[in-house]
Amino acid sequence: MLPARHRMRRRADFTTSVQSGRRGSARRVVVHVAVGASAEPCTVGFVVSRAVGGAVDRNLVKRRLRGLMASRVVALPDGARIVVRALPAAAGAKADVLARDLDQALRVATRVGTTR
RNA sequence: UGAGUCGGCCAGGCGGUCGCGUCGGGCGGGUCAUCAGACCCGACCCGCCGAGGAACGUCCGGGCUCCGUAGGGCAGGGUGGUGGGUAACACCCACCCGGGGUGACCCGCGGGACAGUGCCACAGAAAGCAGACCGCCGGGCCUGGGCAACCAGACCCGGUAAGGGUGAAACGGUGGUGCAAGAGACCACCAGCGCAUCGGGUGACCGGUGCGGCUAGGUAAACCCCACCUGGAGCAAGGCCAGACAGGGAGCGUUUGAGGGCUGCCCGCCCGAGCUCCCGGGUAGGCCGCUGGAGGCGUGCGGCAACGCACGUCGUAGAUGGAUGGCCGCCACCGGUGCGCAAGCACCGGGACAGAACCCGGCGUAUCGGCCGACUCAUCCG
């Protein structure tokens, strides 16, 4: 599971990440990454709206995504603000399927030097 | 053995690995302190515990918190057989009444329709106070037949609710007397209603006797009437700490009282110097509340039961972008396919409904399947 120091818990972090971060999307997830200058460890937040399903399904999707991100935070730069947003297609998806989408979206969002 | 009724329980298990949250301990750090130590922080280590029977819907009832007190009347809202249980209830138990079932049992939005008003579709002649379509009977007149008595038919006037037909429902039922034909017009019994009275029951109510006039529809989840209950808002309650900003304008008012006392109106009581609107600006962090409670389990006693009392015993989630999990394996369970005479083996698939957010008691709804107990009916054997 995701260590506590990597968890995003402030509203402002969510807002800046979603509004000003680079976006990478796949069929089931969208990833926002805002690169910050601070030396603090990167933080990851999750957004799973009601469109995904009931409380049980949303919890399951969030836990799977959190479990997958736990092994990926080490590769991400310090100070980054990352928000993983689940799309309705993520409901009921197995972990390996989510992992493919997640990696694809992360690759786009973290590509350096392609800012327009 | 088959069909069925009621009640209770469970919500796959074990392991590996990577992790999360609360709490406790260790270790490390910080602040204070002469020391002893106290408090705070931690991304490290160890340990305990960590979703449900519905956690759900938020439909009722409470606890708790705040509104100074929670007063009277009206309105509004709720409840609706009786007795009990309970903190309380719209819940639960027992009983009564009505309906269904061979039965175990089940169902009931179960006060009042002689206070008033409204409504009763379709069908039917007529639907609330009556009502003649066919029929039956009497009279008149005409036509036809007959010597005549009379018979048949058309029309008109009247009598009749027994028969036909319509309907969920047609102003009691059966038998008789009676009559032109009929009718509670009268009689007997039965059903129903009212009054009186006796017996049983705490009571709803049940049973009996006598008399009366003989008959009076349903609907209150239509308005309404009656009895009883009901102050409001809700943990985003409420409190503490930290932090930010920038004020300006208009109106009303300070004992001749603005505004407020959190659904509306009136009265009473009370607080009271600010309140309302517009433009502009700022914040939206942390802590407490926060889990030991009408608590679970066991035994005994009281009670038909719901439940109560006594004793013993257990310690059982507290998140806040929101922990209780992700991945993998094995064993059981269910379904399918193939092989096999069979026991079985192999492969594939399946495991529902659903996630605490202040806490309880209920109700309602969702749910793959499994287990246990009591009882009923039918059949077979003894």
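Residue numbers start from 1 in every chain, and the chains themselves are labelled A, B, ... in the order their sequence lines are given, proteins ahead of strands. Values reported hereafter were calculated over all heavy atoms of this structure, with side chains retained and with hydrogens, waters and symmetry mates removed.
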Participant: Using the purine O4'-C1'-N9-C4 or pyrimidine O4'-C1'-N1-C2 torsion, is B:rG53 syn (within 90° of 0) or anti?
Facilitator: syn

Participant: Quick one: look up who B:rG217 pairs with, Watson-Crick or G-U, both distances under 3.5 Å, and put none if it's unpaired.
Facilitator: B:rC120

Participant: Check the phosphate of B:rU324 against A:Arg63, side-chain N and O only, distance under 4.0 Å to OP1 or OP2. Yes or no?
Facilitator: yes

Participant: Minimum heavy-atom separation for A:Ala80 to A:Val33, with atom names?
Facilitator: CB-CG1, 4.5 Å

Participant: Using the C1' atoms only, state how far B:rC40 lies from B:rA33, rounded to an integer number of Å.
Facilitator: 15 Å

Participant: Between the side chains of A:Arg28 and A:Asp101, is the shortest nitrogen-to-carboxylate-oxygen separation below 4.0 Å, so that they form an ion pair?
Facilitator: yes

Participant: Pairing check on B:rU58: which nucleotide meets the Watson-Crick or G-U wobble criteria with it, both distances under 3.5 Å?
Facilitator: none

Participant: Which sits closer to the 5' end of RNA chain B, A:Lys62 or A:Asn59, going by the nucleotide each is nearest to?
Facilitator: A:Lys62

Participant: Taking B:rU160 as the reference, what is the distance to B:rA185 when you measure between their C1' atoms (whole Å, please)?
Facilitator: 13 Å

Participant: With a 3.5 angstrom cut-off on both distances, give the Watson-Crick or G-U wobble partner of B:rG212, or none if there isn't one.
Facilitator: B:rC193

Participant: Please report the distance, rounded to the nearest Å, between CZ in A:Arg58 and P in B:rA323.
Facilitator: 12 Å

Participant: Between B:rG210 and B:rG178, how far apart are the two C1' atoms, rounded to whole Å?
Facilitator: 30 Å

Participant: Considering only nitrogen or oxygen atoms on both sides, find all protein atoms under 3.5 Å from nucleotides 327-329 of chain B and state each distance.
Facilitator:
{"from": "B:rC327", "atom 1": "OP1", "to": "A:Arg64", "atom 2": "NE", "distance (Å)": "3.1"}
{"from": "B:rC327", "atom 1": "OP1", "to": "A:Arg64", "atom 2": "NH2", "distance (Å)": "3.4"}

Participant: Applying a 3.5 Å limit to both distances, which nucleotide forms a Watson-Crick or G-U wobble pair with B:rA38?
Facilitator: B:rU31

Participant: How many Å lie between CZ on A:Arg81 and P on B:rG321, as a whole number?
Facilitator: 15 Å

Participant: Please report the closest heavy-atom contact between A:Ala90 and A:Val61, naming both atoms and the distance.
Facilitator: O-CG2, 3.6 Å

Participant: Between B:rG62 and B:rG30, how many Å separate the two C1' atoms, rounded to a whole number?
Facilitator: 49 Å

Participant: Please walk me through it: do A:Leu87 and A:Val29 pass side chain to side chain contact (heavy atoms under 4.5 Å, CB included)?
Facilitator: CA-CA 5 Å; A:Leu87 299 175; A:Val29 292; 5.8 Å; no

Participant: How close do A:Leu65 and A:Ala86 get, heavy atom to heavy atom, and via which atoms?
Facilitator: CD1-CB, 4.2 Å

Participant: Taking the P atom of each, how far is B:rG103 from B:rG81, in whole Å?
Facilitator: 28 Å

Participant: Enter syn or anti for the glycosidic conformation of B:rG184, syn applying to angles within 90° of 0.
Facilitator: syn

Participant: Only pairs with both distances under 3.5 Å count, Watson-Crick or wobble alike; so what is the partner of B:rG175 in this structure?
Facilitator: B:rC187

Participant: Measure from CG on A:Asp57 to P on B:rC56 and round the result to the nearest Å.
Facilitator: 17 Å

Participant: Taking syn as a glycosidic torsion within 90° of 0 and anything else as anti, which one is B:rA94?
Facilitator: anti

Participant: Please state the P separation for the pair B:rC377 and B:rU102 - nearest whole angstrom.
Facilitator: 13 Å

Participant: Could you tell me the separation between the CE atom of A:Met69 and the P atom of B:rG321, rounded to a whole number of Å?
Facilitator: 19 Å

Participant: Return the nucleotide paired to B:rG322: Watson-Crick means purine N1 to pyrimidine N3 with N6-O4 or O6-N4, wobble means G-U with N1-O2 and O6-N3, both under 3.5 Å.
Facilitator: none

Participant: Restricting to non-hydrogen atoms, name the atom on A:Ala26 and the atom on A:Ala105 that form the minimum distance, rounded to 0.1 Å.
Facilitator: N-CB, 4.3 Å

Participant: A:Leu65 CG to B:rG326 C1': how many Å, rounded?
Facilitator: 11 Å

Participant: Pick the C1' atom in B:rC49 and in B:rG24, then give their distance to the nearest Å.
Facilitator: 11 Å

Participant: Looking only at atom C1', what distance separates B:rG63 and B:rA88, rounded to whole Å?
Facilitator: 10 Å

Participant: Please name the nucleotide paired to B:rG199 by Watson-Crick or G-U wobble geometry with both distances under 3.5 Å, or report none.
Facilitator: B:rC206

Participant: Between A:Leu68 (CG) and B:rG326 (C1'), how many Å, whole number?
Facilitator: 8 Å

Participant: Of all residues at least two apart in sequence or in a different chain, which pass the side chain to side chain contact (heavy atoms under 4.5 Å, CB included) check with A:Arg100?
Facilitator: A:Val97

Participant: Does atom CZ of A:Arg72 have more than 12 heavy-atom neighbours from other groups under 6.0 Å away?
Facilitator: yes

Participant: Please compare A:Val83 and A:Gly54 by the position of their nearest nucleotide in RNA chain B and report the one closer to 5'.
Facilitator: A:Val83

Participant: Under a 3.5 Å cut-off for both distances, is B:rA168 Watson-Crick or wobble paired, and to whom?
Facilitator: none

Participant: Look up atom CZ in A:Arg64 and atom CG in A:Asn59, then write down how far apart they are to the nearest 0.5 Å.
Facilitator: 12.0 Å

